[in-house]
Amino acid sequence: MSTYITFALSITLLIVSPGPVVSLVISESKYSFPRNTVAGALLASQILLIISLIVILSAFHIDPVFLNLCQFVGGIYLIYIAWSSFRHSATESNHVIRSSGKQFWKSLKIGLSNPKDILFFIAFLPTFITMDDDFFEKSIHLMLIWLIIDFLIMTMYSLLAQRIFASVSGKTIIHYLPIFSILGFGLLAVSRSLSNFL
């Protein structure tokens, strides 16, 4: 039980740190609770967890060049999302009906845009899985804990954003802040991938 509590506390500190997915959730909260955006984010994190657990179990070797390339592509995608959001922000109406399918896939792609998260998971997860554990059972437990905490934190960010959107000054700040945050994360991903190639 102490292992699960430590894991829960650790990932709470990790997930609560702002990132491109959190920025997207905040941005989409201007209309209502972005359930499809949150669903895409949750699925992305679970996919990365599953891949990481398979790598840990099978001891596969991941080509760092491939990961750098994926990170570069992911960074370019984040920059595109920021540019697209900024371009449409001036003409977007509060009464625009959002496409739930598009928001889901957008969130999923942003969540998967940095495959180097897999390396983090590979370094992080073995701390909570011992040789005496049933690997499959322990993996399911860790994934469920991650899913619940991830959902709660995304919900917290969304509700907080909705309260800020309620004020006129807060509406402007929180509308543009996520856009520039996503742009910053995209530029950082591209910069890191290029520095690794050089």
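Both backbone and side-chain heavy atoms feed into the values below; hydrogens, waters and symmetry mates do not.
Linking ILVMFWY side-chain heavy atoms closer than 4.5 Å, directly or via other members, places Leu144 and Ile51 in two distinct hydrophobic clusters. Hydrophobic clustering, with ILVMFWY side chains joined whenever heavy atoms are under 4.5 angstrom apart, groups Trp105 together with Leu48. Linking ILVMFWY residues whenever their side-chain heavy atoms come closer than 4.5 Å, directly or via other members, leaves Ile140 and Ile50 in distinct clusters. There is a path of hydrophobic side-chain contacts, each under 4.5 Å, that joins Met156 to Leu152.
The shortest side-chain heavy-atom distance between Glu28 and Val38 does not fall under the 4.5 Å cut-off. Using a 4.5 Å cut-off on side-chain heavy atoms (C-beta onward), Val25 and Ser29 make contact. Annotation: side chain of Met154 is in contact with side chain of Asp150 (closest heavy-atom distance under 4.5 Å). Proximity of Asn36 to Lys102: side-chain heavy atoms (C-beta onward) are nowhere separated by under 4.5 Å.
Grouping Ile, Leu, Val, Met, Phe, Trp and Tyr by side-chain contacts under 4.5 Å, direct or through others, leaves Leu159 on its own.
Minimum interatomic distance between Gly111 and Val21 (heavy atoms only, all atoms of both residues): CA-CG2, 3.7 Å. Closest approach of Ser158 and Phe33 over heavy atoms only: OG-CD1, 3.4 Å. Contact detail for Leu112 and Ala44: the closest heavy-atom pair is CD2-O, 3.7 Å.
The CD1 atom of Ile145 sits 11.0 Å away from the OG atom of Ser10 when rounded to the nearest 0.5 Å. Taking OG1 from Thr37 and CD1 from Ile26, the interatomic distance works out to 12.0 Å, rounded to the nearest 0.5 Å. Rounded to the nearest 0.5 Å, atoms CG (Leu49) and CD1 (Ile54) are 11.0 Å apart. Atom CD1 of Ile11 and atom CD1 of Ile149 lie 4.0 Å apart (nearest 0.5 Å). Of the inter-residue distances, the one linking Leu42 atom CG with Ile47 atom CD1 reads 11.0 Å to the nearest 0.5 angstrom. For the atom pair Ile110 CD1 and Lys106 NZ, the distance stands at 6.5 Å (nearest 0.5 Å).
The side-chain tip of Lys138 points at the ring of Tyr4 from less than 6.0 angstrom away and within 45° of straight on.
Evaluated for a ring pair (Phe, Tyr, Trp, His ring centres under 6.0 Å) with Phe128, the options Phe135, Phe7, Trp146 yield exactly one hit, Phe7.
Proximity of a side-chain donor or acceptor of Thr155 to a complementary backbone N or O of Phe151 within less than 3.5 Å is detected. A donor-acceptor pair is defined here as one N or O able to donate and one able to accept, closer than 3.5 Å; no such pair exists between the side chain of Ser107 and the backbone of Gln103.
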